[in-house]
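One structure is given here, and the rest of the page talks about it.
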Amino acid sequence: MTRRGRPTICDVARRAGVSKGTVSFALNGRPRVAEETRQRISGAARVPGWAPGHRRGQDLVLQVVPGSDEEASYRRLAADGRGDGVFVLDCA
């Protein structure tokens, strides 16, 4: 579980023995997921506190920092549990 105590899609994937992508496909009704796998994922998702991201809402944060502060900025976001990923652009 995450530091905040809420289960994530990664927790569901781990419990079901599949990838995050497969969990996403199964829970969103996408084709090419075997019914047995879909049922296993459905059962793994029945964890107290878990909810698909669109029910909790998602935020996109844009943060522009000088190059010398970039690594520290990423570390703060990660330490605060405020980021699940990073897009890095070279604007030079």
Side-chain angles (χ1 to χ4, degrees):
M1 279 207 277
T2 67
R3 276 183 285 244
R4 292 179 244 159
R6 287 187 311 218
T8 66
I9 193 171
C10 291
D11 297 316
V12 173
R14 198 173 304 113
R15 286 175 54 120
V18 298
S19 71
K20 283 188 340 183
T22 303
V23 171
S24 178
F25 279 14
L27 295 178
N28 286 304
R30 295 296 249 326
R32 296 192 214 151
V33 177
E35 188 56 35
E36 177 187 333
T37 303
R38 195 178 303 276
Q39 293 300 319
R40 193 167 72 244
I41 290 168
S42 215
R46 289 187 194 105
V47 178
W50 187 82
H54 67 284
R55 289 188 190 157
R56 282 196 328 239
Q58 298 292 319
D59 295 315
L60 175 63
V61 175
L62 175 63
Q63 182 171 345
V64 180
V65 294
S68 61
D69 294 334
E70 186 175 4
E71 183 180 347
S73 174
Y74 297 145
R75 290 185 183 279
R76 272 193 308 277
L77 287 171
D80 293 344
R82 293 178 41 215
D84 293 322
V86 176
F87 290 98
V88 178
L89 304 174
D90 183 5
C91 298

Quiz item: For the side-chain contact (heavy atoms from CB on, under 4.5 Å) test, which of Val12, Thr37, Asn28, Val33 pairs with Val23?
Solution: Val12
Quiz item: About how many Å separate CZ of Arg40 and OG1 of Thr22, when rounded to the nearest 0.5 Å?
Solution: 9.5 Å
Self-check item: Worked verdict on Ile41 versus Val18 for side-chain contact (heavy atoms from CB on, under 4.5 Å)
Solution: CA-CA 8 Å; Ile41 290 168; Val18 298; 3.8 Å; yes
Quiz item: Counting heavy atoms not belonging to Glu71, are there more than 12 under 6.0 Å from its CD?
Solution: no
Self-check item: Exercise: identify the closest heavy-atom pair between Thr8 and Asp11
Solution: N-OD2, 2.7 Å
Practice problem: Over all heavy atoms of both residues, which pair between Arg30 and Arg38 is shortest? Give the atoms and the distance, please. | Solution: O-NH2, 2.8 Å
Self-check item: Ile9-Val47 co-clustered via ILVMFWY side chain contacts under 4.5 Å
Solution: yes
